[in-house]
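Numbers restart at 1 for each chain; the letters A, B, ... are given by sequence-line order, proteins then strands. As the structure is a computational prediction, the values presented were derived from the model and not from experiment.
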Amino acid sequence: MDFGLSEDQQLLKATVARFLAEQCPTTRVREVMESDTGHDAQLWAGLVELGIASLPVPEEYGGLGSEFLDLSLVAEELGYAATPGPFLGAAMAVIGLVAGDAQELKARWLPETASGGSLGTVAIGEAESVWDPSGLKTSVSDGKLTGRKPLVPYAAVSDFILVGAREGEESGLWLVEAGASGMQIEPLSGNDMTRRLDDVVFNATPAVRVGGPDALARCLDAGLILISADAFGGARRVLEMTRDYSLEREQFGQPIGAFQSYKHQLADIAAEVEPCMALYWYAAHTVDAFPEQTAKHAALAKIRLGEMFNRVAFQCTELHGGIGFTWEYDLQLWFRRALFDKGFLGEAALHCDRVAEMAGW
Amino acid sequence: MDFGLSEDQQLLKATVARFLAEQCPTTRVREVMESDTGHDAQLWAGLVELGIASLPVPEEYGGLGSEFLDLSLVAEELGYAATPGPFLGAAMAVIGLVAGDAQELKARWLPETASGGSLGTVAIGEAESVWDPSGLKTSVSDGKLTGRKPLVPYAAVSDFILVGAREGEESGLWLVEAGASGMQIEPLSGNDMTRRLDDVVFNATPAVRVGGPDALARCLDAGLILISADAFGGARRVLEMTRDYSLEREQFGQPIGAFQSYKHQLADIAAEVEPCMALYWYAAHTVDAFPEQTAKHAALAKIRLGEMFNRVAFQCTELHGGIGFTWEYDLQLWFRRALFDKGFLGEAALHCDRVAEMAGW
Amino acid sequence: MNLSYSEEYEAFRREVRAFLDKHWTEADREKAGEAPILAMPRKQTEREAAFRAKAVEAGYLYKSVPRAYGGSEQPFDAFKSTIIVEEFRAAKAPREIPGQGVAMLVPTLVEHGTPEQKQQFIAPTVTGDLVWCQGYSEPGAGSDLASLRTKGELDGDHWIVNGQKIWTSNASEADWMFALVRTEPDAPKHQGITYMLIEMATPGIEVRPLKQLNGGTDFTEVFLENVRVPKNSIVGARGEGWPVSRSTLKHERAFIGGTDYVRKTFDGLVMLAQFTNLRGEPAIKNDTIRTRLVELEARLIAAEFHGKRLLTMSGKKQDTGLAGLITKNATSELQHDLVDLALDIMGDCAALATGEEKAPFSGMFVDAYMWTFALLIGGGTTNIQRNIIAERGLGLPRDPATKR
Amino acid sequence: MNLSYSEEYEAFRREVRAFLDKHWTEADREKAGEAPILAMPRKQTEREAAFRAKAVEAGYLYKSVPRAYGGSEQPFDAFKSTIIVEEFRAAKAPREIPGQGVAMLVPTLVEHGTPEQKQQFIAPTVTGDLVWCQGYSEPGAGSDLASLRTKGELDGDHWIVNGQKIWTSNASEADWMFALVRTEPDAPKHQGITYMLIEMATPGIEVRPLKQLNGGTDFTEVFLENVRVPKNSIVGARGEGWPVSRSTLKHERAFIGGTDYVRKTFDGLVMLAQFTNLRGEPAIKNDTIRTRLVELEARLIAAEFHGKRLLTMSGKKQDTGLAGLITKNATSELQHDLVDLALDIMGDCAALATGEEKAPFSGMFVDAYMWTFALLIGGGTTNIQRNIIAERGLGLPRDPATKR
């Protein structure tokens with residue numbers, strides 16, 4: 001029985017953390033955030049060099065074929081550092097490809113994504129917060145895909161998009177290449193400028209089938225877990241910043257962290273954050289160990305962590321007093337990332353419904 | 001503009017408070033609570049002498065014909081003192097009678113209830129937490145009433161029961177006298193032993209019509225407001241007890257009320273309790289001033305105050321530490337009354353649905 | 001209990017209405033439009049100036065300011081004040097010039113200023129000819145104003161002021177700043193602070209916009225480097241600025257405690273829930289959302305009538321005690337819970353920013369969510385207010401650390 | 001990460017199962033039934049005694065107690081301990097005798113007792129022949145144990161003990177009490193306390209049942225009047241009872257932090273929601289209730305796997321740090337929210353008491369609601385634990401008031 005990280009996993013996590021501490025301080029986060037695309041090719045290349053793009057790619061396609069937990073640990077560290085860039089959509093796209101059965105597409109794209117030569121993303125959710133595959137209206141017929149996807153990460157800089165859609169009754173994933181005909185990409189103004197979103201419309205756009213309902217489900221579940229890991233990393237960071245600030249900042253002649261009420265508020269936040277690690281770890285672990293449980297546990301992780309991160313970010317900002325409300329103070333980066341993690345891939349209520357239905361409630 | 005109490009109202013409130021402080025200390029509450037019926041005729045007679053039974057009775061029937069707010073203020077003080085006895089059901093019964101159109105019944109019963117010679121109660125709610133008149137199944141036909149009423153206050157000691165029921169499609173109130181045929185009364189074990197409940201079954205029991213849907217609605221709304229006032233009084237008392245305790249009780253060499261965290265918890269409780277007074281005041285005021293608003297505001301008061309009282313009773317018990325968990329310490333009286341106020345006349349969720357429907361949501 | 005006003009007050013209301021009908025025309029009203037939630041001070045237009053002069057003459061504005069200094073010098077009457085606000089708001093007529101000059105400095109000068117200061121500053125402030133900013137907060141001193149570090153040293157006829165102020169609203173537009181400056185470094189913490197009036201045009205003052213969490217720049221930082229301030233440009237005695245400033249803060253607390261903005265938020269929230277679809281159904285048809293809305297409405301109505309209760313108490317010159325102290329925390333927590341529900345109603349669009357047209361209501365509730373901090377933090381943080389409720393409202397022992 | 005046990009541990013599990021199959025028959029299992037959530041200590045039956053003796057011999061029970069005193073003296077292995085608990089529980093086999101004698105006194109004696117005390121007390125305690133109660137809490141001293149006032153004065157060969165203890169579970173059945181007694185009245189608060197063993201049959205001891213909020217009497221008050229206790233009946237040195245007792249409290253905290261009872265509550269809650277109708281529909285079909293259930297399940301699963309994370313850390317002999325400290329508060333808050341939902345599901349039957357057959361599930365959740373206090377208060381209040389989390393877990397400054 002070992003519900004903990006292997007030495008390799010700890011090393012991976014520490015390596016990514018060290019890389020980000022050095023290469024991605026918040027000054028750089030802000031530069032990327034203020035850039036046009038929100039994508040820093042050099043930073044991404046550095047992360048690819050560390051192997052984060054190869055983790056989910058099977059060895060036969062030049063990747064590392066790692067456990068899904070490894071990728072989730074990376075997501076936690078990216079969240080901890082408020083790392084800007086296309087990681088989430090790119091990882092989901094790879095997982096969708098791997099889970100599908102389109103050998104040709106795998107051979108075409110997986111080696112390139114592993115090496116950083118290509119970037120993928122995913123387009124799943126539709127208007128009115130629809131994310132469950134059963135509700136998708138985007139449809140494919142005769143290899144042409146039509147529909148609107150209002151929240152697509154980094155569509156503008158991606159080489160291909162995996163689109164959740166249906167052909168007849170069956171849902172699945174289809175691949176659309178950048179620049180395909182009938183595709184319109186409009187940038188959105190998001191709360192979290194470190195992870196860009198575009199509104200994408202497909203109008204009889206050529207698309208190739210990647211896989212069926214299972215591939216789509218695996219892709220979505222993986223996203224839910226990665227976003228939960230991101231939320232955990234963010235919450236951990238926000239708590240640390242607030243603790244540190246409370247030791248420095250003095251009021252009435254003592255550090256504010258010495259006031260009992262402040263201490264208790266921070267203790268309550270810690271008690272809320274800490275057990276969430278095990279929640280996302282287990283959800284990630286099911287992907288390899290108990291895939292039949294993943295749908296439920298991925299949803300539970302997103303429900304809890306998406307909300308927890310927002311609550312913690314809000315409370316910690318409040319505990320900072322005025323400075324927390326400034327643009328210059330870094331806390332706001334996570335405050336905004338929390339709003340991304342809350343909304344993207346569907347809000348808690350949607351996933352509560354899904355879990356309840358799985359349970360037959 | 002005067003959203004405050006008149007001098008008469010303040011006097012009434014103070015008089016009832018003084019009477020209860022003298023005649024109904026918690027030692028007496030406990031005696032009554034441990035008695036068979038939970039009804040202390042002498043205490044009730046004292047309250048009747050103060051006029052509480054005459055308040056809702058029109059002058060033409062020997063009562064005071066007061067504003068409904070007056071009666072609500074009395075309910076607050078009864079709640080503050082954890083007064084045991086049949087007040088709530090008795091008051092609702094009188095209000096139902098007054099609101100109805102059965103002149104003979106009014107003449108028969110109102111003078112007697114005003115003088116304390118008779119005691120009424122109400123039987124409205126049915127199984128599965130049905131309290132909205134639209135859901136009642138108890139029916140009347142040919143002057144015979146049939147159905148089950150699982151939560152009837154003090155049925156065993158009442159001289160008559162006003163029963164919410166329907167005849168054909170129309171709902172209304174019917175009066176059943178004590179000892180009527182086909183009526184079975186079984187005592188229930190309730191959390192709040194200061195306000196007894198019985199399970200009552202009617203089987204072709206003779207019943208006389210009191211009034212239609214309006215009378216039933218007024219009776220129910222009045223109950224919702226009175227129970228809210230009771231909850232406010234209880235919460236106020238619990239907060240006071242906790243404040244007083246925190247000044248006496250020392251830990252680590254200082255009164256526990258000097259610990260910042262304790263102070264803040266109590267401040268939050270006060271901030272939750274205090275505005276609720278205006279909520280029940282306004283609901284009570286609508287009964288006479290804006291009756292078309294009563295249904296909504298009575299429901300809102302019950303939603304907020306029923307839950308608030310329970311939360312406050314729980315938190316204050318916790319703030320007492322171990323002693324709050326003892327039977328001997330008086331806090332438990334209000335803890336249990338809070339559970340009565342939560343459940344009786346329907347839980348918050350039911351009334352939320354009702355308000356939403358009134359709003360067309 | 002009577003929620004209508006007595007004949008005396010109804011007559012007063014008619015009088016106010018008649019005044020408005022006469023002096024603030026339909027055209028004026030149309031032009032004025034809806035007032036923003038947080039109005040920024042600005043110099044009044046000629047039209048506004050003419051109207052305000054009439055309103056002062058009639059006794060409707062600047063009621064606590066002596067006639068000699070441009071006020072209408074009326075006895076305090078909570079109901080009349082409320083009627084004036086209600087009627088002026090309905091007519092979209094200008095009320096007192098917004099901002100801290102009128103809200104905070106003028107009452108301070110009325111109470112503590114020298115005759116010369118009153119003469120020089122009050123009248124132009126109430127006409128909007130002088131715009132003020134507040135210089136209390138500092139990067140190192142938030143709720144604990146007494147720990148501030150901006151210092152003033154006497155050099156002949158002038159104070160030489162050095163330091164930094166933060167959270168200064170509209171410093172860029174201000175002509176003057178009223179500030180707290182530490183002038184006696186050796187005195188105990190709460191002593192040795194002087195209340196100083198500083199002309200913003202003085203050399204050595206630099207104003208930098210402060211960008212907020214929500215992307216806006218409603219506040220600034222003000223840097224003071226060897227700023228020379230005339231020796232007599234202080235209010236109250238040297239070293240006694242602390243009590244002078246504390247009388248001012250009361251006004252700010254009362255200002256932030258209102259429920260108007262919460263009602264606006266709630267009404268907007270209901271519309272948001274009605275017009276935002278979640279998976280094919282208006283959000284308001286979702287049982288969880290509907291239930292939360294009703295629970296919030298109950299709290300809102302409690303807060304509103306609690307306000308009427310306070311108004312009544314004020315009208316009767318009663319001490320509002322605990323009831324008055326809890327308003328700010330209860331209201332800002334309610335506001336928080338309202339905007340929190342708004343984000344849930346937005347579904348996945350919680351990820352989109354204010355101004356994004358593809359978000360429901362262009363994401364305006366996201367900004368409201370972020371602004372909630374300003375409410376929580378403005379006018380003393382929630383924790384400070386909790387101390388006050390516990391100590392002054394409930395009679396619990398004072399905190400040794402914050403004892404003054 | 002691997003949630004199955006390694007072959008070594010699987011072999012151990014098979015060994016335990018084989019042991020149980022052999023020594024605890026189907027008939028035994030049937031007779032034993034489900035264990036109560038809060039088991040009270042009692043003397044073991046002959047059948048249980050025989051089984052426990054075998055289990056000790058096999059190394060499964062009393063693993064931290066030396067063989068010489070009736071234990072099985074095994075090295076600490078968190079996984080083996082867990083496997084033993086899982087398998088014994090599945091087989092409904094007796095584990096360690098419940099109660100504070102085994103959980104708190106025995107470890108204390110092992111660490112601090114004299115050879116004579118170990119000899120005299122440990123073996124009969126682990127067999128259940130000696131039943132103990134704890135005498136720490138006093139009416140005037142709750143979380144602040146050091147402020148206790150029961151005093152002992154030396155009179156020749158005996159301590160004369162006077163005072164009152166409260167929250168003593170099963171004092172009526174106990175043969176002995178381990179108690180904290182102030183013996184040096186002039187010493188500073190945390191010094192001058194002595195850890196004393198007192199035979200309950202000694203004249204001057206009176207036990208009165210303490211009726212609880214929920215109507216039950218699981219605790220007692222113990223009055224001590226001129227109780228004569230032999231001079232050598234103390235553990236550790238005179239005046240050093242405080243550190244001795246603190247080593248014991250660790251055990252209590254660990255005991256209360258488990259999630260088993262929360263899982264039981266959750267599973268019961270799901271059933272309650274499935275079988276309780278609200279207005280013609282099972283409560284679980286109500287969107288609000290369903291949503292709350294799922295949110296609570298997410299927290300429960302977090303708590304459960306958090307437990308597995310702690311177990312893994314213990315297994316690797318790592319310090320569990322912050323992760324270990326937050327367990328109690330997170331778990332008891334979760335338990336509170338679960339029973340709170342239960343009351344909502346009960347609809348108007350929240351007014352009915354536990355035991356009322358007409359309430360859903362005979363109102364058993366009302367009792368769980370009330371018992372939640374015992375969890376919040378037992379083993380140090382939530383506020384004390386918050387201090388510990390902040391200070392030891394987050395490294396915030398110590399509270400001056402509670403400094404020791």
Side-chain angles (χ1 to χ4, degrees), chain B residues 125 127-132 135 150-151 186 188-193 195 197 199 249-254 256 258-262 265 306-307 310-311 314 317-329 331-332 335-336 338-350 352-353, chain D residues 137 139-144 146-147 166-167 189 210-217 219 276-281 286 288-289 336 340 343-359 363 366 369-374 376-378 381-383 386-387 399 401-404:
Chain B
E128 302 188 356
S129 295
V130 168
W131 288 87
D132 195 84
L151 292 179
E186 267 189 63
L188 293 164
S189 165
N191 286 312
D192 172 16
M193 293 302 283
R195 287 175 293 178
L197 292 166
D199 186 328
R249 162 84 165 169
E250 299 209 343
Q251 291 256 65
F252 304 106
Q254 60 178 31
I256 54 177
F259 285 97
Q260 195 190 34
S261 174
Y262 198 101
Q265 286 164 2
E307 295 305 300
N310 277 274
R311 208 159 31 240
F314 194 101
T317 306
E318 192 189 344
L319 285 173
H320 271 75
I323 196 173
F325 194 57
T326 61
W327 185 263
E328 270 63 36
Y329 194 73
L331 205 66
Q332 58 102 341
F335 185 91
R336 289 167 170 277
L339 287 167
F340 179 100
D341 289 352
K342 179 186 179 79
F344 190 62
L345 302 181
E347 83 280 17
L350 161 66
C352 282
D353 278 353
Chain D
S137 297
S143 308
D144 176 20
S147 76
I166 197 171
W167 301 116
K189 218 168 62 147
L210 187 67
K211 199 168 169 191
Q212 293 137 224
L213 178 64
N214 66 343
T217 52
F219 301 99
T276 304
N277 273 14
L278 288 172
R279 295 173 282 285
E281 201 181 51
N286 175 287
T288 307
I289 288 170
H336 170 265
D340 205 44
L343 286 189
D344 286 345
I345 292 172
M346 290 174 69
D348 58 11
C349 290
L352 298 180
T354 300
E356 172 53 62
E357 283 171 22
K358 288 175 178 167
V366 172
Y369 182 67
M370 295 182 183
W371 261 110
T372 301
F373 289 120
L376 293 170
I377 292 160
T381 68
T382 305
N383 275 345
R386 284 190 177 112
N387 263 359
D399 214 324
T402 58
K403 242 173 211 156
R404 321 199 151 105

Do the side chains of D/Arg279 and B/Asp132 get close enough for a salt bridge, i.e. N-O under 4.0 angstrom? no
Which one, B/Trp131, B/Phe340, B/Phe344, leads in non-hydrogen pairs under 4.5 Å with chain D? B/Trp131
Largest heavy-atom contact set with chain D, pairs under 4.5 Å, which of B/Val130, B/Leu345, B/Leu197, B/Asp199: B/Asp199
Run the ring-ring contact (aromatic ring centres under 6.0 Å, His included) test against B/Tyr262 and tell me which residues pass, sequence neighbours left out. none
Do D/Gln212 and B/Thr326 have a side chain donor and acceptor closer than 3.5 Å? no
Using a 4.5 angstrom heavy-atom cutoff, name the option from B/Leu350, B/Asn310, B/Leu319, B/Asp192 with the most pairs to chain D. B/Leu350
For B/Arg311 and D/Asp340: C-alpha separation, side-chain torsions, deciding distance, then whether salt bridge (Lys or Arg N to Asp or Glu O under 4.0 Å) applies. CA-CA 10 Å; B/Arg311 208 159 31 240; D/Asp340 205 44; over 6 Å; no
Which heavy atom of D/Asp344 sits nearest to which heavy atom of B/Glu307, and what is that distance? OD1-OE1, 4.1 Å
Value for CG (B/Leu339) from CG (D/Leu352), rounded to nearest 0.5 Å, stands at 10.5 Å
Check whether D/Ile289 gets within reach of chain B through its side chain, its backbone, both or neither, counting any heavy atom under 4.5 Å. neither
Show the nearest heavy-atom pair for residues B/Ser129 and D/Gly347, with the distance to one decimal. OG-CA, 3.3 Å
Closest non-hydrogen atom pair between B/Glu128 and D/Glu281, with its separation: OE1-N, 4.5 Å
Atom of D/Leu278, atom of B/Glu347 and distance for their closest heavy-atom approach: CD2-OE2, 4.0 Å
B/Asn191 to D/Thr354 - nearest heavy-atom pair and separation: OD1-N, 4.4 Å
As an exercise, state the distance from CZ of B/Phe314 to NE2 of D/His336, rounded to the nearest 0.5 Å. 4.0 Å
To check you understand the geometry: which heavy-atom pair defines the closest contact between D/Trp167 and B/Ile323, and what is its length? CZ2-N, 3.7 Å
Between NZ of B/Lys342 and SG of D/Cys349, what distance do you get to the nearest 0.5 Å? 12.5 Å
If you measure from CG on B/Leu151 to NZ on D/Lys358, what distance do you get to the nearest 0.5 Å? 10.0 Å
Got a sec, which residues hit salt bridge (charged side-chain N to carboxylate O under 4.0 Å, His left out) with D/Asp348, two or more places apart in sequence or on another chain? none
Is there a side-chain contact between D/Lys211 and B/Gln332 in this structure, where contact means two heavy atoms from C-beta onward sitting under 4.5 Å apart? no
Contact class of D/Asn277 relative to chain B, heavy atoms under 4.5 angstrom: both
